[in-house]
Amino acid sequence: MVSNPVHGLPFLPGTSFKDSTKTAFHRSQTLGYRNGYAIVRRPTVGIGGDRLQFNQLSQAELDELASKAPVLTYGQPKQAPPADFIPAHVAFDKKVLKFDAYFQEDVPMSTEEQYRIRQVNIYYYLEDDSMSVIEPVVENSGIPQGKLIKRQRLAKNDRGDHYHWKDLNRGINITIYGKTFRVVDCDQFTQVFLESQGIELNPPEKMALDPYTELRKQPLRKYVTPSDFDQLKQFLTFDKQVLRFYAIWDDTDSMYGECRTYIIHYYLMDDTVEIREVHERNDGRDPFPLLMNRQRMPKVLVENAKNFPQCVLEISDQEVLEWYTAKDFIVGKSLTVLGRTFFIYDCDPFTRRYYKEKFGITDLPRIDVNKQEPPPVKQELPPYNGFGLVEDSAQNCFALIPKAPKKDVIKMLVNDNKVLRYLAALESPIPEDKDRRFVFSYFLATDMISIFEPPVRNSGIIGGKYLGRTKVVKPYSTVDNPIYYGPSDFFIGAVIEVFGHRFIILDTDEYVLKYMESNAAQYSPEALASVQKHVRKLEAPASESESKQTEKDPGVQELEALIDTIQKQLKDHSCKDNIREAFQIYDKEASGYVDRDMFFKICESLNVPVDDSLVKERQGLIMLPKLVSNS
């Protein structure tokens, strides 16, 4: 910093000198805080700490400046712009003056009142100087009330001048359409507004009351003849003391009657009785709390009062010889009220203490009124009518909409498509039936049996389905507990009776033999012995079979040769596991036979190479089990 302390020297190089004692060249702080507020103060020293020169004027100069008018320097001041115009509908929007008033109305056609005082509210709207008169609605007054004069500007004289808010005040009369209203008071906003405009308000007056309305508010005079009994003492002594009894009304003797429970309250303060219903959850009854309202109950009536219209008039002491009292309500006794006989079986602890202190009765035990339910009636099924299965017919007795009986799903899944086939002969005295043969199919999944009779040419008997799938009942089982034929009942030599027809089992297929071998525990020793005997016959020496084969019919030999040839062709085929299933699907009757066209159709669908020349000479049926047993 270069300074020139010597006055008179020019501020030129060589004439200024540097003050080596100065080391601070910062600017002074002009901002500060006082009591938490930021303030600005003028700097007193400059850069380097030199004191600034200010307010060096003399007192005379300061006085001159104080008395000097700024008009000489700055000219005349400009006039402020006038305030914006605000219309009345904006300035006084939603500002209403409210006055309480009343008017008197003559009532010439009434003997109870000569005039009527009607209280109203007068509203003055400052935005457009309009007025309205509204009368508060009084319930059941019988007078049209509400808006008496709709909102409009009201004339105050014949010259056409209208009422202004300056004309309104407390304690004055104003005439509107021939009716004189006496203004008695105003609300707080109206009072503040008028006083702010320089209007001196009159003191408020008391609102006039309608004499007829005040007369209606007075209680009616009652003329009660005092009785000899001190009812006031009884009321003060037994107030809020109630005897509670538990009773039942047994109406089971009538049609659709039932036994219902009730609570009887006896009020000691006025000897009245009340009967309350006891509702249970989901009892199907309307929730009426009271069967009989609280009233005095007559016990003995006067003979002449039997025809007294009780439904129209109340019974007084003149028609009653004796009323029900507390001593008539005893646990274990019956009580007739309004034609119903109630049996009291219990009471609360307060009632027991009252009877002990008042009447000296100490033994009031609870009586058990619960009736033991009769044993449930055993449901008996009607006799079997012979249609369908017994289980299906019994479902009509268990439900309105019968459902199918439950099946053993696991058994059906395990034994699905498992069929036991047997060859049987009909036991009949008719000679034509001796040569008839039948194929029994037993379905392990459902325990059902179907019978198929292979057709025989020139036999005179139409073959085909003999019996559809159904369960067959054993001949000596009862209708109520039927016993059906099972797998253990079918063996070689067994007699099966199907609906009056007797069949003898002659032969089985190879699957039955395997099934009996794997489930030997289900069969009797007799059945196993018959199977073993049959197997021994099949394992006879080959010489005997060959000798018998030479004696066979040429047609039978040709059929067996055809079956052997086809079996050899199917043995090495890749789809041999599906051949049996395919034949069983198309064999819907489970007879073990398919016709020639169906045979070729199945072979074509499985891509089985079968030479048509081997089969074209043979017409008729092809037996299923022999064709696919070895494949």
Side-chain angles (χ1 to χ4, degrees), residues 224-254 257-280 283 285 288-306 308 310-311 313-373:
V224 180
T225 303
S227 60
D228 298 335
F229 181 73
D230 191 358
Q231 296 182 355
L232 178 59
K233 180 179 179 181
Q234 182 184 5
F235 174 80
L236 297 177
T237 304
F238 300 105
D239 186 24
K240 298 182 180 179
Q241 295 186 13
V242 183
L243 304 181
R244 175 177 292 183
F245 302 92
Y246 301 95
I248 61 171
W249 174 45
D250 191 357
D251 191 34
T252 54
D253 295 337
S254 60
E258 59 182 351
C259 184
R260 301 177 60 183
T261 58
Y262 295 90
I263 296 178
I264 302 176
H265 289 158
Y266 184 89
Y267 296 86
L268 296 174
M269 56 180 294
D270 53 359
D271 297 328
T272 55
V273 181
E274 176 189 71
I275 302 178
R276 304 185 66 89
E277 294 188 8
V278 178
H279 292 280
E280 297 180 358
D283 58 357
R285 295 187 175 275
F288 291 108
L290 295 177
L291 176 67
M292 187 188 72
N293 199 6
R294 181 178 173 181
Q295 56 184 308
R296 295 187 69 185
M297 292 302 303
K299 184 177 181 181
V300 180
L301 296 175
V302 180
E303 294 182 1
N304 297 331
K306 292 183 179 180
F308 184 79
Q310 301 179 9
C311 61
L313 301 177
E314 295 182 357
I315 298 177
S316 62
D317 294 337
Q318 298 179 358
E319 290 82 18
V320 179
L321 293 178
E322 184 180 358
W323 299 88
Y324 274 109
T325 58
K327 62 182 179 180
D328 297 322
F329 295 84
I330 303 297
V331 176
K333 294 185 178 180
S334 299
L335 186 71
T336 302
V337 178
L338 298 180
R340 299 188 182 186
T341 302
F342 295 90
F343 179 75
I344 302 176
Y345 65 90
D346 197 7
C347 61
D348 61 351
F350 172 76
T351 306
R352 286 188 170 88
R353 292 196 303 269
Y354 178 81
Y355 274 80
K356 182 179 180 180
E357 298 173 358
K358 183 71 175 179
F359 305 106
I361 302 175
T362 58
D363 188 13
L364 292 175
R366 175 186 172 88
I367 301 175
D368 187 11
V369 294
N370 296 326
K371 293 185 178 180
Q372 295 182 357
E373 296 183 0

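The first residue in the sequence is number 1, and the count goes up from there.
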Dump the intermediate steps for side chain to side chain contact (heavy atoms under 4.5 Å, CB included) on Arg352 and Cys347, then the final yes or no.
CA-CA 7 Å; Arg352 286 188 170 88; Cys347 61; 3.6 Å; yes
Could you go through the side chain to side chain contact (heavy atoms under 4.5 Å, CB included) check for Gln241 and Phe350 one step at a time?
CA-CA 9 Å; Gln241 295 186 13; Phe350 172 76; 3.9 Å; yes
Pair Phe245-Ile263, side chain to side chain contact (heavy atoms under 4.5 Å, CB included): steps then yes or no:
CA-CA 6 Å; Phe245 302 92; Ile263 296 178; over 6 Å; no
Walk me through whether Met292 and Met297 qualify under side chain to side chain contact (heavy atoms under 4.5 Å, CB included).
CA-CA 10 Å; Met292 187 188 72; Met297 292 302 303; 3.3 Å; yes
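Other residues, nucleotides and ligands contribute only 12 or fewer heavy atoms inside 6.0 Å of the CD atom of Glu280.
At distances below 3.5 Å, at least one donor-acceptor pair connects side-chain atoms of Thr351 with backbone N or O atoms of Arg244. His279 places a side-chain N or O within 3.5 Å of a backbone atom of Phe288 that can act as its donor or acceptor partner. At least one donor-acceptor pair under 3.5 Å links the side chain of Gln234 to the backbone N or O of Leu268. Side-chain N or O atoms of Arg296 include none that pairs as donor or acceptor with a backbone N or O of Val273 at under 3.5 Å.
Here the two rings, on Phe342 and Tyr262, have centers that are under 6.0 Å apart.
Between the CZ atom in Arg260 and the CH2 atom in Trp249 there is a gap of 7.0 Å [rounded to 0.5 Å].
Counting heavy atoms from C-beta on, the side chains of Tyr266 and Val242 never come closer than 4.5 Å. At a threshold of 4.5 Å between non-hydrogen side-chain atoms, the residues Pro289 and Arg276 count as touching. Using a 4.5 Å heavy-atom threshold, the side chains of Arg340 and Leu338 count as separate. Annotation: side chain of Leu243 is not in contact with side chain of His265 (no heavy-atom distance under 4.5 Å). Between Glu274 and Gln295, every side-chain heavy-atom pair lies at or beyond the 4.5 Å cut-off.
Scanning both residues, Phe343 and Ser334, for their nearest heavy atoms gives CD1-OG, 3.7 Å.
Checked against Leu291 for a side chain to side chain contact (heavy atoms under 4.5 Å, CB included), the options Ile264, Ile275, Val278 give a single hit: Ile275. Paired with Ile344 under the rule side chain to side chain contact (heavy atoms under 4.5 Å, CB included), one option of Ile248, Val331, Ile330 passes, and it is Val331.
For Asp328, the salt bridge (charged side-chain N to carboxylate O under 4.0 Å, His left out) criterion is met by Lys299, not counting sequence neighbours. Under the ring pair (Phe, Tyr, Trp, His ring centres under 6.0 Å) criterion, Tyr246 pairs with no residue at all, not counting sequence neighbours. Under the rule for a side-chain contact (heavy atoms from CB on, under 4.5 Å), the partners of Thr237 that lie at least two apart in sequence or sit in another chain are Lys233. Residues passing the side-chain hydrogen bond (donor to acceptor under 3.5 Å, both in side chains) test with Asp250, sequence neighbours excluded: Thr252, Lys371. Qualifying ring pair (Phe, Tyr, Trp, His ring centres under 6.0 Å) partners for Tyr354, counting only residues two or more places apart in sequence or in other chains: none.
No side-chain donor-acceptor contact under 3.5 Å links Asp271 and Tyr324. Side-chain contact annotation: Thr272 with Arg294, donor-acceptor N/O pair under 3.5 Å present.
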Under 3.5 Å, which donor-acceptor pairs link side chains of residues 357-366 to any protein atom two or more places apart or in another chain?
unit_1: Arg366; atom_1: NH1; unit_2: Asp346; atom_2: OD2; d: 2.9

